[in-house]
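Keep in mind that what you see is a predicted model, and the values were worked out from it rather than measured. FYI, side chains are in, hydrogens and waters are out, and symmetry mates aren't considered; it's all heavy atoms of this structure.
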Amino acid sequence: EIAQQAAGCEPAVASASMVAELAKGKHLDDASLITQDTIASALGPLPADKCHTAGLAAEALANAIMDYVMRCVEKTEGRGAKGEGRNSEE
């Protein structure tokens, strides 16, 4: 599942919406390959002074994927057998 929340200028909102559409239904590995150029190509021409919005959307997606992966790792590490995992010393 993917959702986006963006505020700002129209190109920023459009970039956030497009990155969500591009990532929808993709495996995390494939979604992580979405770049500023991928987003900009899907949107069409952006004003020169707003091209960075596609980069911000790509960066936000990469950060969200990394956050999700880290939370999954933390959850998995916490499930180890007694004496294993993050909380073994408590």
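- Residues Ser15 and Ala54 approach most closely at OG-N, 3.5 Å, considering heavy atoms.
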Less than 3.5 Å apart, which donor and acceptor atoms pair up between the side chains of residues 34-41 and the rest of the protein, not counting sequence neighbours?
residue: Thr35; atom: OG1; partner: Asp37; partner atom: N; Å: 3.3
residue: Thr35; atom: OG1; partner: Thr38; partner atom: N; Å: 3.2
residue: Thr35; atom: OG1; partner: Thr38; partner atom: OG1; Å: 3.0
residue: Gln36; atom: NE2; partner: Cys51; partner atom: O; Å: 3.3
residue: Thr38; atom: OG1; partner: Thr35; partner atom: N; Å: 3.2
residue: Ser41; atom: OG; partner: Asp37; partner atom: O; Å: 2.9

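- A salt bridge (Lys or Arg N to Asp or Glu O under 4.0 Å) check over residues 13-22, counting only residues at least two apart or in different chains, returns the pairs Glu21-Lys24.
- In this structure, OG on Ser17 lies 13.0 Å from CD on Gln5, to the nearest 0.5 angstrom.
- Between Ala12 and Ala7, the closest heavy-atom pair is CB-O, 4.5 Å.
- Hydrophobic clustering keeps Val13 apart from Leu46 (ILVMFWY residues linked when any side-chain heavy atoms are closer than 4.5 Å, directly or through intermediates).
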N/O donor-acceptor pairs under 3.5 Å from side chains in residues 56-73, not counting sequence neighbours:
residue: Asn63; atom: ND2; partner: Glu59; partner atom: O; Å: 3.3
residue: Asp67; atom: OD2; partner: Arg71; partner atom: NE; Å: 3.1
residue: Asp67; atom: OD2; partner: Arg71; partner atom: NH2; Å: 3.4

